[in-house]
Amino acid sequence: MNFIERERSTMGSRIYIEELSKHVGETVTISGWVYTKRSSGKIRFLVVRDGTGMMQAVIVKANVSEEVFNRFDELTQESSLRVTGTIRKEDRAPGGYEMDVSGLETISVAKEYPITPKEHGVEFLMDRRHLWLRSARQHAILRVRHEIVRAIREFFDSRGFLLLDAPIFTPAACEGTSTLFETDYFDLGKAFLTQSGQLYGEAGAMAFGKVYVFGPTFRAEKSKTRRHLTEFWMVEPEVAFNTLDDDMDLAEEFLEHIVASVLKNRMPELKILERNTKFLENVKRPLPRISYDEAVEILHKKGIAFEWGNDLGGTDETVISERYDRPVMVHRYPSQVKAFYMKRDPKNDKLALAVDVLAPEGYGEIIGGSQREDDYETLLARLHEHNLPQSAFEWYLDLRRYGSVPHAGFGLGVERTVSWICGLDHVRETIPFARMIYRLTP
RNA sequence: UCCCGGGUAGCUCAGCGGCAGAGCGGCUCGCUGUUAACGAGAUGGUCACAGGUUCGAUCCCUGUCCCGGGAGCCA
């Protein structure tokens with residue numbers, strides 16, 4: 001018998017911790033890592049994680065060979081192992097099930113693991129993000145993120161939207177405002193990392209009617225706050241023949257679906273995160289809709305010196321969103337603070353047909369959208385007003401030359417949404433490996 | 001870029017113009033139901049870096065570096 005065969009002969013059937021309840025009374029093997037261990041002399045406890053959950057394994061001196069019993073001593077935190085034993089329902093154990101160990105095999109003894117069950121600072125943990133991902137809280141957050149991404153795709157897929165992947169290298173600024181990451185691109189000069197797939201989404205909408213772009217986006221702004229990453233994920237639906245009102249209808253139905261999916265499928269994770277789900281249960285249609293003018297009025301009534309024509313700042317957004325128990329839509333912003341492609345309000349040329357959705361509890365803007373300018377001459381004039389190079393936008397102008405129609409869309413920031421739904425105090429925990437102004441590793 | 005706060009043991013922090021501290025982790029010992037186990041013990045330091053003031057600086061001053069979150073900008 002070779003090594004592998006010998007090892008296999010001592011194992012029960014291999015299962016995952018998430019399916020323990022189906023194997024009560026059976027002898028099975030769990031492959032995983034040591035989360036923590038405790039000893040009380042002749043009875044020893046090993047908390048094993050395998051990626052799907054945690055299980056307490058109990059090693060009783062009287063029930064196992066001396067070799068197995070002593071093997072416990074060499075196991076350090078995060079050592080990898082295979083543990084075999086009988087599964088038993090046990091109310092004292094976290095998860096409700098426990099293993100009575102009969103066999104224990106060390107795969108690799110871990111060196112002294114830096115992340116102990118005690119508290120650590122943000123810098124320390126972010127420097128070890130690759131290890132931090134193993135902890136229960138990070139599991140909960142990333143599983144909620146996964147659920148949100150799944151719900152996003154389910155929402156659009158079930159409504160006949162086509163997933164349209166936009167390029168990441170772009171020839172010029174999409175919106176002309178943000179600072180972009182720049183890189184050399186062979187003989188073609190400079191390329192920029194995309195800050196939005198929206199313009200390509202518009203081309204897709206003219207081709208397929210309704211599409212969504214879902215991918216990473218990049219902003220080289222030197223923002224250093226709890227709401228900013230330099231690389232983040234955005235989902236951007238775009239629908240031909242939609243108006244601003246249609247756009248807002250879509251956005252609120254979309255948000256309702258995402259939140260409902262998380263509440264339905266990820267309650268244990270929200271509990272680990274100690275999230276008060278009362279706020280999330282309120283996320284039902286209709287969401288309140290107020291105009292920018294009304295928002296300014298609210299700020300003035302609160303005694304905030306806010307000048308009409310400016311964009312809402314983070315504090316202003318918090319003041320407005322605090323008045324509601326669910327996300328609030330603010331529409332028709334001054335066109336001077338919005339992007340060149342947004343259509344002006346036919347009733348007031350100073351306003352853009354734009355909408356921002358502000359999350360409650362001070363989480364700020366999670367959605368930004370608009371009806372797009374569909375008139376060729378107007379769009380051309382806007383390009384020039386914003387000093388954008390017409391040549392880089394000829395293809396975009398083609399969308400207005402050949403069968404232009406009203407259309408609208410929006411972008412939702414995935415990390416801000418995860419942060420809000422999980423109730424986190426910083427977006428850096430919502431993505432496996434955050435990229436920020438002073439963080440490029442690990 | 002600006003404003004504010006911070007950097008002391010592996011980690012989280014306290015401290016103070018006059019011998020460098022605690023809790024936790026790791027290590028040793030004990031314990032048959034632990035849940036961040038518990039009890040006992042030993043170990044652990046370039047007080048971010050460079051100048052300056054002083055009899056004496058981890059502490060006060062100046063500069064630099066790094067971190068945090070806020071403004072601006074944005075999802």
Side-chain angles (χ1 to χ4, degrees), chain A residues 35-47 54-64 69 72-73 76-78 88 90-95 98 100 110-128 135-136 174-175 177-180 194-198 215-236 251 310-318 337-339 355-359 362-369 410-420 425-428 430-431 436-439:
Chain A
Y35 198 67
T36 58
K37 63 174 196 176
R38 291 179 281 273
S39 168
S40 182
K42 296 187 177 66
I43 181 166
R44 297 173 159 184
F45 302 92
L46 208 50
V47 178
M54 309 269 194
M55 179 194 73
Q56 180 163 278
V58 187
I59 307 165
V60 177
K61 189 177 172 78
N63 299 350
V64 296
F69 190 73
F72 177 92
D73 291 330
T76 53
Q77 191 188 354
E78 287 301 320
R88 174 169 46 75
E90 171 58 72
D91 293 334
R92 285 176 290 186
E98 198 170 73
D100 288 318
K111 302 225 185 320
E112 192 176 332
Y113 192 66
I115 303 178
T116 63
K118 292 279 176 174
E119 59 217 71
H120 299 284
V122 168
E123 187 190 3
F124 181 83
L125 290 169
M126 284 303 284
D127 281 342
R128 294 157 184 79
S135 66
C174 291
E175 306 187 7
T177 49
S178 279
T179 320
L180 304 187
T194 184
Q195 60 168 323
S196 163
Q198 183 212 307
T217 50
F218 307 86
R219 305 277 166 95
E221 278 141 11
K222 295 190 171 177
S223 302
K224 207 175 159 239
T225 81
R226 67 182 70 210
R227 301 187 306 281
H228 288 89
L229 298 171
T230 54
E231 175 181 327
F232 63 96
W233 284 68
M234 194 151 67
V235 58
E236 304 177 278
N310 289 341
D311 205 351
L312 301 176
T315 335
D316 307 320
E317 288 180 352
T318 304
V337 297
K338 289 294 181 182
V355 58
D356 282 357
V357 181
L358 309 180
Y363 280 94
E365 186 184 343
I366 50 170
I367 283 181
F410 61 81
L412 170 121
V414 170
E415 287 74 18
R416 282 190 187 176
T417 303
V418 176
S419 186
W420 161 54
D425 61 12
H426 201 296
V427 290
R428 68 183 149 223
T430 65
I431 188 166
M436 296 178 288
I437 172 166
Y438 294 126
R439 158 105 26 216

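Keep in mind that the numbers below use all heavy atoms, side chains included, and drop hydrogens, waters and symmetry copies. Naming: A, B, ... by sequence-line order, numbering from 1 per chain.
- Among the nucleotides B/U32, B/G69, B/C74, the one closest to any side-chain atom of A/H228 is B/C74.
- Here A/D311 lies in heavy-atom contact (under 4.0 Å) with sugar-phosphate atoms only.
- Within 4.0 Å of A/R227, counting heavy atoms only, lies at least one base atom of the nucleic acid.
- In the set B/A71, B/G33, B/C74, the nucleotide with an atom closest to the side chain of A/R219 is B/C74.
- Atom pair A/I437:CD1 and B/A71:C1' shows a separation of 13 Å (rounding to whole Å applied).
- For B/C73, the base has a donor-acceptor partner in the side chain of A/S223 [N/O atoms by modelled type, under 3.5 angstrom].
- Side-chain atoms of A/R416 come within donor-acceptor range of the base of B/C74, with a qualifying N/O pair under 3.5 Å.
- With A/Y363 as the aromatic partner, A/R416 does not meet the cation-pi criteria of under 6.0 angstrom to the ring centre and within 45 degrees of the ring axis.
- The side chain of A/R428 lies closest to B/G68 when the candidates are B/G33, B/A36, B/G68.
- A/S40 comes within 4.0 angstrom of a base, heavy atoms only.
- Taking atom CD of residue A/E123 and atom C1' of nucleotide B/U12, one finds them 14 Å apart after rounding to whole Å.
- Atom OH in A/Y438 sits about 10 Å away from atom P in B/G68, given to the nearest Å.
- Nucleic acid contact class of A/K222 (heavy atoms, under 4.0 Å, all strands): base.
- As judged by a 4.0 angstrom heavy-atom cut-off over every strand, A/E98 is placed among the base-contacting residues.
- Look at the P atom in both B/G6 and B/C59: the space between them is 15 Å, to the nearest Å.
- Put simply, A/F45 does not rest on the base of B/G33: the two rings are not both less than 5.5 Å apart at their centres and under 30° in tilt.
- A donor-acceptor distance shorter than 3.5 angstrom exists from the side chain of A/E236 to the backbone of A/G197, with no hydrogens or angles considered.
- Counting only N and O atoms by type, the side chains of A/H120 and A/T116 include a donor and acceptor under 3.5 Å apart.
- Set against B/U12, B/G33, B/G69, the side chain of A/V58 has B/G33 as its closest nucleotide.
- Relative to the ring axis of A/F72, A/K37 places its NZ or CZ within 45° and under 6.0 Å from the centre.
- For the pair A/E119 and A/K37, both in contact range of RNA chain B, the more 5′-proximal nearest nucleotide belongs to A/E119.
- Here the shortest heavy-atom pairing between A/E415 and A/V427 reads O-CG1, 3.9 Å.
- If you check every strand for non-hydrogen atoms under 4.0 Å, A/I115 touches nothing.
- Across the protein-nucleic acid pair, A/F72 atom CZ and B/G30 atom P stand 14 Å apart, rounded to whole Å.
- Taking a pair to require two hydrogen-bonding distances under 3.5 Å in either a Watson-Crick or a G-U wobble arrangement, B/A42 remains unpaired.
- The side chain of A/T315 contributes an N or O atom lying less than 4.0 Å from OP1 or OP2 of B/A71.
- Spacing of P atoms, B/C49 relative to B/U58, comes out at 10 Å, to the nearest Å.
- For B/A50, the paired base is B/U62 (Watson-Crick or G-U wobble, both distances below 3.5 Å).
- With B/A71, B/A75, B/G33 as the candidates, the nucleotide lying closest to the side chain of A/R92 is B/G33.
- The partner of B/A75, taking Watson-Crick or G-U wobble pairs whose two distances both stay under 3.5 Å, does not exist in any strand shown.
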- Task: Please report the C-alpha distance between A/R92 and A/E90 in whole Å, then the side-chain angles of each, then the deciding distance to 0.1 Å, and finally whether the salt bridge (charged side-chain N to carboxylate O under 4.0 Å, His left out) criterion is met.
- Result: CA-CA 5 Å; A/R92 285 176 290 186; A/E90 171 58 72; 3.0 Å; yes
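- Of the candidate nucleotides B/G26, B/A36, B/U34, B/G26 has the atom nearest to the side chain of A/E112.
- Judged by distance alone, with hydrogens and angles left aside, the side-chain atoms of A/Q77 form no donor-acceptor pair with the main-chain N or O of A/P117 at under 3.5 Å.
- B/C24 and B/A14 have their C1' atoms separated by 14 Å, given to the nearest Å.
- The C1' atoms of B/G45 and B/G7 are separated by 15 Å, rounded to the nearest whole Å.
- Between the C1' atoms of B/C74 and B/C66, the separation comes to 26 Å (whole Å).
- B/G44 and B/U62 are spaced 37 Å apart, taking the P atom of each and rounding to whole Å.
- Counting distance only, with no hydrogens placed and no angle test, the side-chain atoms of A/H120 and the base atoms of B/C11 include no donor-acceptor pair under 3.5 Å.
- When distances are taken from the side chain of A/H426 to each of B/G69, B/G25, B/C73, the shortest belongs to B/G69.
- When rounded to the nearest whole Å, the span between CD of A/E78 and P of B/G10 equals 22 Å.
- Not a single donor-acceptor contact under 3.5 angstrom links the side-chain atoms of A/K224 to the base of B/G70.
- Base pairing analysis places B/A36 opposite nothing; no Watson-Crick or G-U wobble pair with both distances below 3.5 Å involves it.
- The side chain of A/V60 has B/U32 as its nearest neighbour among B/A71, B/U32, B/A75.
- B/G33 and B/A20: their C1' atoms are spaced 41 Å apart (whole Å).
- Figure legend. B/C2 is base-paired to B/G70; pairs are counted as Watson-Crick or G-U wobble with both atom distances under 3.5 Å.
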- Task: Given salt bridge (charged side-chain N to carboxylate O under 4.0 Å, His left out), test A/D425 with A/R227 step by step and report yes or no.
- Result: CA-CA 9 Å; A/D425 61 12; A/R227 301 187 306 281; over 6 Å; no
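- Rounded to whole Å, atom C1' of B/G10 lies 13 Å from atom CD of A/Q77.
- Comparing atom distances between the A/E221 side chain and each of B/U34, B/C74, B/A36 picks out B/C74 as nearest.
- Map A/V122 and A/G413 each onto its nearest nucleotide of RNA chain B; the residue landing nearer the 5' end is A/V122.
- The nearest whole Å value for the distance from the CZ atom in A/R226 to the P atom in B/C73 is 19 Å.
- A distance of about 30 Å separates the C1' atoms of B/G17 and B/G10, rounded to the whole Å.
- Among B/U34, B/A75, B/G70, the nucleotide with an atom closest to any side-chain atom of A/Q56 is B/U34.
- To the nearest angstrom, P of B/G25 lies 14 Å from CZ of A/F124.
- At least one donor-acceptor pair under 3.5 Å links the side chain of A/T217 to the backbone N or O of A/F232.
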